[in-house]
Amino acid sequence: MYRTKRPSASRLMPSINNPFANISLALLTTSLLLLSAPTNAAPCVNALNVCDGDGPTNRPTGGCYEYARCFHGRPTQIISCGEGNLFDVLLGRCNWEHSTFCIVKSCAPTPAPTMMPTGSPSESPSAHPSASPSASPSESPSGSPSASPSVSPSASPSAFPTIAYEFFSITRLETESMKRGIESTVLKSINPAGIAYPSTKYSYEGLMISLKEMSLRGITSGGRRFQFYISAEEQRTDYGLANLALFLAMAMTESIERDTCDEYNIDAVAGRYALSNACGQNNRSYQDEVCTSGEEDMSCPVDDQMEMVSSGYASAMSGRAPPPFFCRPKASSNDYAGYWDRHDGASSSTAYSNARGRSDVEGCCWWGRGALLTRGVCNIGKLNYYLGKRAFDERGEGKFPTIDFCANPESTCASEEGDEEIRWITAFFEWVERIQSYPDWDYIYNLQQFVDGGMQNYDFVDAVSSIFTRGCHSPNCSFLEVTRRTKRQENLKSVLGIFGLTQTAPPTSSPQKMPTPNDVVTYPPVFIQPPSLALPTIRPPLFPENENTAGMEPTRPTSEMNMGPSNEDTAIEPARPSLETIMGPPTRPTLEGIMAPQTAMPSSTPQFPETGRPTRKKSDNRPKNELILLEDNLASSLVISWWTVSLAISIYLCI
C-alpha cells in the first residue's frame, strides 16, 4: 500500500496581504479539483494502466512515488522519484514531498483473497459443514494472497533498475538534440541518386522503445537472460554508449542505409546477379549453417516445399535493381533460378550459379531479415526457440508467442504484430546472443579496453565485424571475407561523434617523448647557465672581420668543425636538439651579450647534410626567445644605469 502525504494547510495558505498569492491559490485549487474529478472512474493506478487514455507524457503511478513515460498508450520507462520526493502533477516532474500534492491512489494487492473465501463457504455450508470451512479457508488465503502481492509490487523494481534510468538521463539519449543527431546520421537511408532521406522502416521512437526493453528489462527465456549491455554494474555510461554505437554501426551497414528489412542481392559477376544468391551470399550457404555445441535442436528444419518472396527492394541500388529474393521447390531437373542482368535490366531462367554453385532456390528461404539481417537456419531457429512460438508452446515464454519464425521466416519483415518492433527486438537479441555472449573471446572486457584506450584500436572493431559476418574473431579463422569492413569503421566513427565519445590517444604513465626541433619551447632549462661554466672567451676567428658580412652565416675553421657531433651521433638521437640548434649560430659579442648569463654556454654546431641544412634570414641571427631578450634588456639596463649614476656622481663631486 502506497502512502499518500498531503501538505499541511500552512504550506498551502498564502499571505492574505499578497493578492498574487490569492490568485495562485485559486488557480491551484481549481487545478486540483479538475485533477481529482476522474478519480472515481479510475480508482487506482499502477504500471499496467497508467498510460491508458489521453494525457501527458509523464504520468504518476499509485502513490506518486514513481511516474511513467508514456508513448502510444504504453509505458516506455518507469522512473522512481527517490526517497523524500513525490511526482508533482502540476509541475510534471518529481518535487520535494512536503511541497507536492498527490491525488493518485495506489492499487491495493488484496482483491484476489477477498473474492475467494466469500464464494466457497456460501456454496456448500450444509453439505460439508466440517470439510468446507477447513478446506476453503486454508487453500484460498494461502494461495491467492501470496500470488498477487509477489507479482504486482516486485514487477516494477526488477524491470527498471535505477542505474538504467541514470544511463538514459546522463547520456541524454532522449533529448531533442540527440534525437535529431540520431535521425540525421544513423537513421538515414540513401536513394538510387545518392540523396539521403529519413528511413521509412527504422525510426527513433522504435529504436528507443526496443532499446529500453532490451536494456532495462531484457528477455528471460530458456533459462537464459538476454539483456543489452549498458554497463549497469560498472556504472560507466561510456561503455554502454560504445556498445550501442557498435550495434548501430552494424545495423547502418546491413539494413538502415539501404532502408530495407530483407537482405538484398549484391553478389554480382560481370554485371550479372545470380537469383540463387537467396541461398547465400559472401560464399555462404544459409540453409547449411546449423547450430552446434549442444544446440543442434534449435535450428529450423529446412522445408524444400516452402515458397516465399522477399518483402521489398533495397533503396540504394543505383540504376536498375535486381528482383527481391524468393524461394520455391524445384519443379524439374531443368528448373533454374536464373540470373538478372544489370545492363539490360532483364531476368533470364538460364542456369547461372552463385558462389557456392547453387543454381536453384529450393529450400533457400533463410536470407537475412531485421535490422541486423539475421541469417541462417541456426540464428532464425534461435529466434523461434527463445522469442517465438516454440518458446511459448514448450515453456510458456517468448516475446512473440504467435510468430513461428521457422514456419514463416518472413514474419520478421511482414508481421501483423508490429513490424518495426520485431525488426529491432530480433536485432538486439542477435547482438546479445552472438556478440555479447561470444564464447571464445570476452567481448565485454575487450569493449572496455577499447574505450579506455581512447577508442582508436580498430583491431577490436574488425574483430567484432568478423564475429558478426563470419562467426569468429581472429583474422585467419575463416575463409569468408569480412564484408564492408571500412564502411563499418566509418559508421562507428559517425555514431561515436553523435554520442560525444571523442576518440583520443590512450593515457600513458611513461615519460614524455624525446624533444624535436619543433618542441624547443617545452625545454626552458636549456637557457639557464650551469654554475660550473665560466664566462665565454671571445674567439675572433669565429666571426668575419668585414662588417659587410655581419648577419651572414659565419665560416668556422676546420678544427672547430670537428668539435660538433658526428653524423653517427645525430642518427642515433635525431630528436635531441643541441643548444646551438635552439639558439642559432653565434654572433659578434657585445657588452650586453657578455654579461647575459645565457650566452655563456659554449656549444658546437651539429653537422647537417648540405641538402637539409636549415637556412636563416640574414636580417635575423638572434634566437626568437622572449626569455633571452628579456634578460639581455635587463643586463643592458643595469649597465647603462650604473654608468649613468656614476657619471652623475662624478659631475656632482666636480661641481
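All residue numbers in this chain count up from 1 along the given sequence.
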Checklist entry - When you check the gap from the basic side-chain N to the acidic O, do Asp267 and Arg284 get nearer than 4.0 Å? => result no

Next on the checklist: If the threshold is 4.0 Å, N to carboxylate O, is there a salt bridge linking Asp288 and Arg356?
Outcome noted: no

Item to check | Side-chain (Asn265) to main-chain (Ala274) donor-acceptor, under 3.5 angstrom | outcome: yes

Next on the checklist: I'd like to know if Arg375 pairs up with Glu430 as an ion pair, taking the criterion as any Lys NZ or Arg NE/NH1/NH2 lying under 4.0 Å from an Asp or Glu carboxylate oxygen.
Outcome noted: no

Item to check | Residues Arg484 and Glu490 bridged, charged N to O under 4.0 Å | outcome: no

Checklist outcome for this item: Result for side-chain contact (heavy atoms from CB on, under 4.5 Å) between Met306 and one of Pro329, Cys365, Cys364 points to Cys365

Next on the checklist: Check this for me: Tyr445, atom OH, are more than 12 non-hydrogen atoms of other residues, nucleotides or ligands nearer than 6.0 Å?
Outcome noted: no

Next on the checklist: Contact between Phe499 and Leu173 at the side-chain level, heavy atoms closer than 4.5 Å - yes or no?
Outcome noted: yes

Next on the checklist: Below 30° counts as parallel, above 60° as perpendicular, anything between as tilted: where do the rings of Tyr339 and Tyr352 land?
Outcome noted: tilted

Item to check | 4.5 Å side-chain heavy-atom contact, Gln281 and Phe325 | outcome: yes

Checklist entry - Less than 4.5 Å apart, any side-chain heavy atom of Met298 and any of Cys378? => result no

Checklist entry - Between OG1 of Thr486 and OH of Tyr458, what distance do you get to the nearest 0.5 Å? => result 11.5 Å

Item to check | Asp303 CG to Glu362 CD distance, which is reported to the nearest 0.5 Å | outcome: 9.5 Å

Item to check | Contacts of Tyr239 that satisfy ring-ring contact (aromatic ring centres under 6.0 Å, His included) - sequence neighbours left out | outcome: none

Checklist outcome for this item: Nearest heavy-atom approach of Val50 to Pro60 is CG2-O, 3.5 Å

Next on the checklist: Hydrogens and angles aside, do Arg395 and Ser221 bring a side-chain donor and acceptor to less than 3.5 Å of each other?
Outcome noted: yes

Checklist entry - Any idea which heavy atoms bring Val186 and Met252 closest together, and the distance? => result O-CG, 3.7 Å

Checklist entry - Is it true that a side-chain atom of Glu183 and a backbone atom of Tyr204 form a donor plus acceptor pair closer than 3.5 Å? => result no

Item to check | Over all atoms of both residues, closest heavy-atom pair of Ala414 and Asp419 | outcome: C-OD1, 4.1 Å

Next on the checklist: Can a donor-acceptor pair be found, under 3.5 Å and without considering hydrogens, that links the side chain of Tyr202 to the backbone of Thr260?
Outcome noted: yes

Checklist entry - Is it true that a side-chain atom of Gln436 and a backbone atom of Gln227 form a donor plus acceptor pair closer than 3.5 Å? => result yes

Checklist entry - So, for Tyr443 and Tyr438, is the gap between ring centers shorter than 6.0 Å? => result no

Checklist outcome for this item: Interatomic distance, CD@Glu257 vs CG@Leu187, rounded to 0.5 Å, equals 11.5 Å

Checklist outcome for this item: Taking every heavy atom of His343 against every heavy atom of Gly271, the minimum-distance pair comes out as NE2-CA, 4.1 Å

Checklist entry - Is there side-chain contact between Phe226 and Leu387, with heavy atoms separated by less than 4.5 Å? => result no

Next on the checklist: Looking only at the side chains, is there a donor atom on one of Thr483 and Asn282 sitting less than 3.5 Å from an acceptor on the other?
Outcome noted: no

Next on the checklist: Between Arg488 and Thr469, is there a side-chain heavy-atom distance shorter than 4.5 Å?
Outcome noted: yes

Next on the checklist: What verdict does the side chain to side chain contact (heavy atoms under 4.5 Å, CB included) test give for Asn277 and Trp367, after you've listed the backbone C-alpha separation in whole Å, the side-chain angles of each residue and the deciding distance to 0.1 Å?
Outcome noted: CA-CA 9 Å; Asn277 282 337; Trp367 59 81; over 6 Å; no

Item to check | Sidechain-backbone polar pair: Ser310 side chain, Pro324 backbone, donor-acceptor under 3.5 Å | outcome: no

Checklist outcome for this item: With sequence neighbours left out, the residues meeting side-chain hydrogen bond (donor to acceptor under 3.5 Å, both in side chains) with Asp442 are none

Checklist entry - What is the ring orientation for Phe429 with Tyr386, classed by angle as parallel under 30°, tilted 30 to 60°, or perpendicular over 60°? => result tilted

Checklist entry - So how far is it from Tyr229 OH to Leu244 CG, rounded to the nearest 0.5 Å? => result 13.0 Å

Item to check | Heavy-atom pair with the smallest gap, counting every atom of Phe400 and Ile422 | outcome: CE2-CG1, 3.7 Å

Item to check | Polar side chain donor-acceptor pair, Thr374 to Asn379, under 3.5 angstrom | outcome: no

Checklist entry - What's the verdict on side chain to side chain contact (heavy atoms under 4.5 Å, CB included) for Val302 and Tyr286, showing C-alpha distance, side-chain angles and the deciding distance? => result CA-CA 10 Å; Val302 178; Tyr286 299 149; over 6 Å; no

Checklist entry - Is the backbone N or O of Gly181 less than 3.5 Å from a side-chain atom of Ser184, with the two atoms forming a donor-acceptor pair by type? => result yes

Checklist entry - Judged by atom type as modelled, is there a donor-acceptor pair below 3.5 Å linking the side chain of Arg390 to the main-chain atoms of Gly398? => result no

Checklist entry - Given Lys389 and Asn384, is the side chain to side chain contact (heavy atoms under 4.5 Å, CB included) satisfied, shown in steps? => result CA-CA 6 Å; Lys389 190 174 185 298; Asn384 199 44; 4.2 Å; yes

Checklist entry - So, Ser465 side chain and Arg485 main chain: donor-acceptor pair closer than 3.5 Å or not? => result no

Checklist entry - Take atom CZ in Phe326; do more than 12 heavy atoms of anything else shown fall under 6.0 Å from it? => result yes

Next on the checklist: What I'd like to find out is whether the side chain of Phe460 reaches to under 4.5 Å of the side chain of Leu246, using heavy atoms alone.
Outcome noted: yes

Checklist entry - Sub-3.5 Å donor-acceptor pair from the side chain of Thr185 to the main-chain atoms of Ile182, do we have one? => result no

Checklist entry - Can you tell me if Arg225 and Thr220 form a side-chain donor-acceptor pair at under 3.5 Å? => result yes

Checklist entry - Between Glu174 and Met178, does a side chain to side chain contact (heavy atoms under 4.5 Å, CB included) hold up when you go through it step by step? => result CA-CA 7 Å; Glu174 296 181 283; Met178 185 68 72; over 6 Å; no

Checklist entry - Atom OG of Ser203 and atom CD1 of Ile209: how far apart are they, to the nearest 0.5 Å? => result 7.5 Å

Next on the checklist: Side chains of Asn457 and Gln449: any donor to acceptor distance under 3.5 Å?
Outcome noted: no

Next on the checklist: Between Cys472 and Cys477, is the disulfide bond (SG atoms under 2.5 Å apart) condition met? List the steps.
Outcome noted: CA-CA 6 Å; Cys472 54; Cys477 63; 1.9 Å; yes

Checklist entry - Is there a side-chain contact between Ile425 and Met214 (heavy atoms, below 4.5 Å)? => result yes

Item to check | 4.5 Å side-chain heavy-atom contact, Arg59 and Val45 | outcome: no

Checklist entry - Is a side-chain N or O of Ser437 found less than 3.5 angstrom from the main chain of Arg434, in a donor-acceptor match? => result no

Checklist entry - Picking from Asn491, Ile435, Leu492, Val464, what satisfies side-chain contact (heavy atoms from CB on, under 4.5 Å) with Met250? => result Val464

Next on the checklist: Show the nearest heavy-atom pair for residues Leu373 and Glu263, with the distance to one decimal.
Outcome noted: CD2-N, 3.7 Å

Item to check | Straight-line distance of Gln456 CD to Lys493 NZ, nearest 0.5 Å | outcome: 9.0 Å

Next on the checklist: Suppose we screen for side-chain contact (heavy atoms from CB on, under 4.5 Å). Which residues come up paired with Asp52, at least two apart in sequence or across chains?
Outcome noted: Asn49

